[in-house]
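Here it is, the structure in full.
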Amino acid sequence: MRLALINRDGGLDFLEERLREALPGIPLLTWPEDGAMDAEVAICWDPLPGTLRDMRNLRLIHSIGAGVDKLLADPTLPDLPVCRIRDHDLARAMGEYCLWATIWFQRQFDRIVLNARSKIWERFVQRPAAETPVCVLGLGAIGRHVAEQLRDAGYPVHGWSRTARDIPGITCHTGQDGMHAALADALVVICLLPLTPETHGILNSRLFAQLPEGAGLVLCSRGEHLARDDLLEAIRSGHMRGAVLDVFDREPLSTEDPLWEEPGVLITPHMSALTKPRRIAEQIADNVRRLREGRQLCNLIDRSRGY
Ligand code: NDP
Ligand code: OXD
């Protein structure tokens, strides 16, 4: 068995040492070095389309992240098992970020920080958590945890997923009508959907129009979920309060990008939740052992659903 780290821009060396520790004696190569294309396991983030198709010994494709959208975007991706990372600490970190971003809007820190730069002393009416409904789009490994963390902090939480969910203390919805109900009174909407053909561009003017005036957007999933011009229009017209954006269709966000300076928009550098390299390596190593021993793989994605 041989493994290969494959990313179009390299940069996966942070995993090397941990993978060698977790799988002693198993050869680990880094694409495009000699021999990498003969590996049986491809450990990837964003491989160049066509690369995995040309790996004739390949048996398993493993994402180093929770999302697999970059892998599935390759139309030549071979019909092999695709696994991803699912990590409680990652979900907890996302919960912290989303709680912070919710408080950012609820307690009006967006205005307070702006005012502080101009030495303006102004106090705003405080809206309690219990009167600040939040909508979480996506109730999977991460979204469900985020919804529960917000519920536990006292926010009324609506969640939206593809199939029906039943989560204590959270009002769960599905379908288009369900989305309307989930958004109708949400003062903060948090996107934690996977990127699929169905969810591409889902954060658009049609969705924003269903929010009450003054709502804020928190985008932690993928940049491609957002119709950016629609967001700018919703903010500039005053319909929406602003947005906290962690992900972008091109990363890093260019220094020239006007979003950096858009009033009401706060940029963070795809850091809402990071997995520890040790945890990634342990999960990949576990699946490599399962593959070798012919056992069921963990955290397999369903290619027909796209996540
Ligand atoms: P999961 O696959 O566990 O959950 C996805 C959720 O989205 C499920 O509840 C699913 O519904 C729902 N969903 C999928 N498609 C639709 C649809 N068409 N309509 C309604 N609901 C839908 O994903 P995770 O929670 O693990 O991760 C979510 C995303 O977060 C990742 O794909 C990744 O893009 C992003 N992410 C970002 C990070 C960052 O640092 N910014 C870090 C980690 C992840 P159902 O429950 O019915 O299946
Ligand atoms: C992931 C991410 O998908 O960090 O894990 O975006």
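For ligands, and for the atoms within them, numbers begin at 1 and follow the listed sequence. Worth knowing before you read on, the calculation uses all heavy atoms, side chains too, and leaves out hydrogens, waters and symmetry mates.
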Q) Is R236 paired with E233 through a side-chain N to carboxylate O contact shorter than 4.0 Å? A) no
Q: For side chain to side chain donor-acceptor pair (under 3.5 Å), just list the numbers for Q108 and R241, CA-CA rounded to whole Å, side-chain angles, deciding distance to a tenth of an Å, and then say yes or no.
A: CA-CA 10 Å; Q108 313 210 38; R241 178 185 191 99; 2.9 Å; yes
Q: Could you establish whether M179 and ligand 1 come within less than 4.0 Å of each other, counting only heavy atoms on the residue side?
A: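 So M179 does not count as touching ligand 1.
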**Q.** Geometric class of the H88/H145 ring pair [parallel <30°, tilted 30-60°, perpendicular >60°]
**A.**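 H145 and H88: perpendicular rings.
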Q.
Out of all atoms in ligand 1, which are within 4.0 Å of some heavy atom of C220? Include the element for each.
A. 35 (C), 36 (N), 37 (C), 38 (C), 39 (C), 41 (N)
Q. N/O to N/O below 3.5 Å, does that happen between A141 and ligand 1?
A.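 The answer is yes, given that A141 and ligand 1 share an N or O pair closer than 3.5 Å.
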Q. What atoms of ligand 1 come within less than 4.0 Å of a heavy atom belonging to H270?
A.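 Selected atoms, number and element: 39 (C), 40 (O), 41 (N).
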Q: Find the distance between CG (L48) and CZ (R8) and round it off to the nearest 0.5 Å.
A: 5.0 Å
Q: Starting from atom 15 (N) of ligand 1, locate the nearest protein heavy atom and write down its residue, its atom name and how far away it is, to 0.1 Å.
A: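 Heavy-atom neighbour on the protein nearest atom 15 (N) of ligand 1: Y307 CE2, 3.7 Å.
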Q. Within 45° of the axis and under 6.0 Å from the centre of the six-membered ring of F248, does NZ or CZ of R250 qualify?
A.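 No, cation not above the ring by the 6.0 Å, 45° rule.
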Q. Does any N/O atom on G138 come nearer than 3.5 Å to any N/O atom on ligand 1?
A.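 Looking only at distances, the answer is no, because the N/O contact criterion of under 3.5 Å is not met.
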Q.
How far is atom 21 (N) of ligand 1 from the closest protein heavy atom, and which atom is that?
A. R162 N, 2.9 Å
Q. Please state which protein non-hydrogen atom is closest to atom 38 (C) of ligand 1 and give its distance, to 0.1 Å?
A.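 The answer is M94 CE, 3.5 Å.
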**Q.** Sub-4.0 Å heavy-atom approach of T196 to ligand 1
**A.** no
**Q.** Heteroatom proximity flag, D246 to ligand 1, N/O under 3.5 Å
**A.**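 It does: an N or O of D246 is found under 3.5 Å from an N or O of ligand 1.
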Q. With side chains defined as the heavy atoms from C-beta onward, is the minimum distance between L253 and W260 less than 4.5 Å?
A.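 Side chain of L253 against side chain of W260, heavy atoms only: contact under 4.5 Å found.
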**Q.** Nearest protein heavy atom with distance in Å, relative to atom 33 (C) of ligand 1
**A.**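 Among all protein heavy atoms, the one nearest atom 33 (C) of ligand 1 is R222 NH1, 3.6 Å.
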Q: Specify the protein heavy atom at minimum distance from atom 23 (O) of ligand 1: its residue, its atom name, and the distance to 0.1 Å.
A: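 Of every protein heavy atom, R84 NH1, 3.8 Å lies nearest to atom 23 (O) of ligand 1.
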Q) Can E148 and R144 be counted as an ion pair, charged N to O under 4.0 angstrom? A) yes
Q: Could you find the nearest protein heavy atom to atom 6 (C) of ligand 1 and give me its residue, atom name and distance?
A: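 Of every protein heavy atom, G140 N, 3.6 Å lies nearest to atom 6 (C) of ligand 1.
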Q: Please confirm whether D69 comes within less than 3.5 Å of ligand 1 when only nitrogen or oxygen atoms on both sides are compared.
A: no
**Q.** NZ/NE/NH1/NH2 to OD/OE distance under 4.0 Å, R222 and E224
**A.** no
Q | Close residues, ligand 2: non-hydrogen atom nearer than 4.0 Å | A | W45, G65, A66, G67, R222, H270
**Q.** Carboxylate-amine/guanidinium contact R92 D87, below 4.0 Å
**A.** no
Q | Residue A66 vicinity, atoms of ligand 1 by number, heavy atom under 4.0 Å | A |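 So the atoms of ligand 1 that pass are 43 (C), 44 (C).
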Q) What protein heavy atom sits nearest atom 44 (C) of ligand 1, and how far off is it? A)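 The closest heavy atom on the protein side is I142 CD1, 3.5 Å.
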(Q) Among all the protein's non-hydrogen atoms, which is closest to atom 32 (O) of ligand 1, and how far away is it? (A)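 Atom 32 (O) of ligand 1 sits closest to the protein heavy atom P194 CA, 3.4 Å.
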(Q) Check R228 with D257, please: is the shortest side-chain N to carboxylate O separation under 4.0 Å? (A) yes
Q.
Closer than 4.0 Å to some heavy atom of E198 - which atoms of ligand 1 meet that?
A. 18 (N)
Q.
Within ligand 1, which atoms have a heavy atom of G143 less than 4.0 Å away?
A.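 Answer for ligand 1: 25 (O).
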**Q.** Salt bridge E282-R278, side-chain N to carboxylate O under 4.0 Å
**A.**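 Judged by the 4.0 Å cut-off on N to carboxylate O distance, E282 and R278 do not form a salt bridge.
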Q. Quick one: which ligand 1 atoms are inside 4.0 Å of a heavy atom on G67?
A.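 Those of ligand 1 that fall under 4.0 Å from G67 are 32 (O).
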